[in-house]
Participant: 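Handing you a structure now.
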2 protein chains.
Amino acid sequence: MATGRTHRPATRSRGIPEATVARLPLYLRALTALSERSVPTVSSEELAAAAGVNSAKLRKDFSYLGSYGTRGVGYDVEYLVYQISRELGLTQDWPVVIVGIGNLGAALANYGGFASRGFRVAALIDADPAMAGKPVAGIPVRHSDDLEKIIEDNGVSIGVIATPAGAAQPVCDRLVAAGVTSILNFAPTVLSVPDGVDVRKVDLSIELQILAFHEQRKAGEEAAAASDGAAPVAASRDAASADKGPDGDVPAVMPA
Amino acid sequence: MATGRTHRPATRSRGIPEATVARLPLYLRALTALSERSVPTVSSEELAAAAGVNSAKLRKDFSYLGSYGTRGVGYDVEYLVYQISRELGLTQDWPVVIVGIGNLGAALANYGGFASRGFRVAALIDADPAMAGKPVAGIPVRHSDDLEKIIEDNGVSIGVIATPAGAAQPVCDRLVAAGVTSILNFAPTVLSVPDGVDVRKVDLSIELQILAFHEQRKAGEEAAAASDGAAPVAASRDAASADKGPDGDVPAVMPA
DNA sequence: ATGTCTTTGTGAACGCGTGCACAAAGATGG
DNA sequence: CCATCTTTGTGCACGCGTTCACAAAGACAT
């Protein structure tokens, strides 16, 4: 049990590095698990292992929040859960709208982790009139004509876009015009937004392509040194395609 | 934005920086759009705008691949599409398995962008016997008993985990043991894998929490304009959170 | 009280990624 | 062939993030 604390209100709490912010939810998840197991305190080493990061990094991350640990003991789990929750803004309620109730949108609406931590699905919105009124995850779908009104009535500041690529930018513009200032974009498009609006994107296709790159590299390393210079452009494809066979998909354009 | 993770010290991917690799799919998408509009060449400035990045960054990224541009003109679109595709390993076919066919898994299976670029859903796998044989996105679901056999028969090296959190690590272990070396994890858990296996994670909850942090910060800055003047910068955070109104689930541990 | 032992918090060094700014390369026109 | 103009490719400097390593802080035993 943690004892006497001389915690000052963290004089430098402004300016938490972005990389640290991105890890706070990870720590919070690990801490919540510990809390449910009624673990009173945890060391940076243990918590770091649970969160899958380096312990020095974790300690430095926490140092941006303040001095919340006790030397020789570790961190009080409950206290830290609260501090991180507060820092992330999870002690308040965030109404969220999901726009585009297709396969993905429906899956997101059903996602349990949504409501678990301060986020509340205020409305599901779709452009298809046939969807209107139909309940998804227990919430009736609203037509996109009502988008602005829904945003305003519920004080929504976070929007999730799960529309097809072509509809994403128009939807985004409407969301922003209606007052949304944070957007989570699942559509495979680059959104352009005015200053002051945050956009984060989740892109399955990009993630897979990054994995494919590393996968190819691994395969190429095993298959000995297939020297692949930059100059011999034409037939450098033999590198790692042993079982490839013909593919008629290669662009014929090959400038000299 | 999805956050990539788990990189061992040796991240020298033939000299291409990780940050560059992560942007290549973005360039590829923009280039494909240009290609479909039969645009023959594009300048770094134009392409950068389309991809939502800085033009200097784009040129530096391309410089890691080689000298594929023509000064005074720009880049040949078709040629660049091919070069990037090859670099990312998209000129070959990547069989992929999706494990966990719930709401999310089904949505992923239906996702069009999957097959569009070298990725082929080799199998859908679920632990629920009632799901077995049932077609999802035109593909019959297989039971997880057959996981190892499916991996081996199809030469799968990329696995997608869309199971509940509790099942993710065991599934991951089985995938890795069966030969999978790249994993895309949608379950809200930190996966531990042996060296040589790449893991990328996509976590809706984390993305929302990051947005919430920035959202709270924006709200706090507006309120700071009408500040009382007692504690202008640092301690205003405590005051700001105190005015968040009643929220019932604050941990009791609240040291003064 | 004093010493020992554990663990935090952080100064400092290092490496990666970004953006600037410009010389070199090549196209284009006369 | 020469001059001019456009755009690439990159050297360089800077800032952020990571990691190391250790002094300081506190718990705990004697």
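Chain A is the first sequence line, chain B the second, and so forth, proteins listed ahead of strands; every chain is numbered from 1.
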Participant: Figure out the CG/P separation between B:D61 and C:dT18, and round it to whole Å.
Facilitator: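 After rounding, the reported distance stands at 7 Å.
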Participant: Tell me: CG of B:L58 to C1' of C:dG19, nearest whole Å?
Facilitator: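 Taking atom C1' of C:dG19 as the reference, CG of B:L58 is at 13 Å.
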Participant: Identify the two heavy atoms, one from A:L28 and one from A:V81, that lie closest to each other, and give their separation to 0.1 Å.
Facilitator: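 Shortest heavy-atom separation between A:L28 and A:V81 comes out as CD1-O, 3.8 Å.
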Participant: What's the CD1-C1' distance between B:I16 and C:dG17, to the nearest Å?
Facilitator: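 Rounded to the whole Å, the gap is 15 Å.
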Participant: What is the distance, to the nearest angstrom, from the NZ atom on B:K57 to the C1' atom on C:dC20?
Facilitator: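 My rounded result for the distance is 13 Å.
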Participant: I need a per-nucleotide contact map over nucleotides 21-28 of chain C, read 5' to 3'. Cutoff is protein heavy atoms under 4.0 Å; write B for the base, S for backbone only, - otherwise.
Facilitator: B--BB-S-
Participant: For the residue pair A:E207 and B:L184, what are the closest heavy atoms and their distance?
Facilitator: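 Heavy-atom minimum between the residues: CB-CD1, 3.8 Å.
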Participant: Is it the case that B:Q209 and B:S205 place a side-chain donor and acceptor less than 3.5 Å from each other?
Facilitator: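 Checked: B:Q209/B:S205 side chains pair up, N/O donor to acceptor below 3.5 Å.
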Participant: In whole angstroms, how far is the P atom of D:dG9 from the CG atom of B:L80?
Facilitator: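 So the CG-P distance, B:L80 to D:dG9, works out to 10 Å.
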Participant: Can you tell me how far C1' of D:dG17 sits from CG of A:N54, to the nearest Å?
Facilitator: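 Interatomic distance, CG of A:N54 to C1' of D:dG17: 12 Å.
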Participant: Considering every strand and a 4.0 Å limit on heavy-atom distances, what is the contact class for B:E45: base, sugar-phosphate, or nothing?
Facilitator: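 Answer is nothing: B:E45 stays at 4.0 Å or more from every strand.
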Participant: OP1, OP2 of D:dT7 versus side-chain N and O of B:S44: anything below 4.0 Å?
Facilitator: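 So the side-chain polar atoms of B:S44 never come under 4.0 Å of the phosphate oxygens OP1 or OP2 of D:dT7.
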Participant: Which residue lies toward the 5' end of DNA chain C, A:Y75 or A:K60, if each is placed at its nearest nucleotide?
Facilitator: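 Closest to the 5' end, via its nearest nucleotide, is A:Y75.
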Participant: Is any side-chain heavy atom of A:V21 closer than 4.5 Å to one of A:Y64?
Facilitator: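 A side-chain contact is absent here, since even the closest heavy-atom pair is not under 4.5 Å.
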Participant: Distance check needed: C:dT8 P versus A:Y79 OH, whole Å only.
Facilitator: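 After rounding, the gap between these two atoms is 16 Å.
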Participant: Quick check for you: among D:dG9, C:dT18, D:dG17, whose closest atom lies nearest to any side-chain atom of B:A19?
Facilitator: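 My answer, after comparing the listed nucleotides, is C:dT18.
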Participant: Enumerate the residue pairs fulfilling ring-ring contact (aromatic ring centres under 6.0 Å, His included) with a member in residues 29-61 of chain A, sequence neighbours excluded, ordered by first and then second residue.
Facilitator: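 The answer is none; no pair qualifies.
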Participant: Side chains of A:R23 and A:V53: does their closest heavy-atom pair fall under 4.5 Å?
Facilitator: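 Counting from C-beta outward, A:R23 and A:V53 do come under 4.5 Å.
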Participant: Looking at residues at least two apart in the chain, or sitting in another chain, which of them share a side-chain hydrogen bond (donor to acceptor under 3.5 Å, both in side chains) with B:S43?
Facilitator: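 B:E46.
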Participant: Let me know the distance between CD of B:E18 and C1' of C:dG17, rounded to the nearest Å.
Facilitator: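 So the CD-C1' distance, B:E18 to C:dG17, works out to 12 Å.
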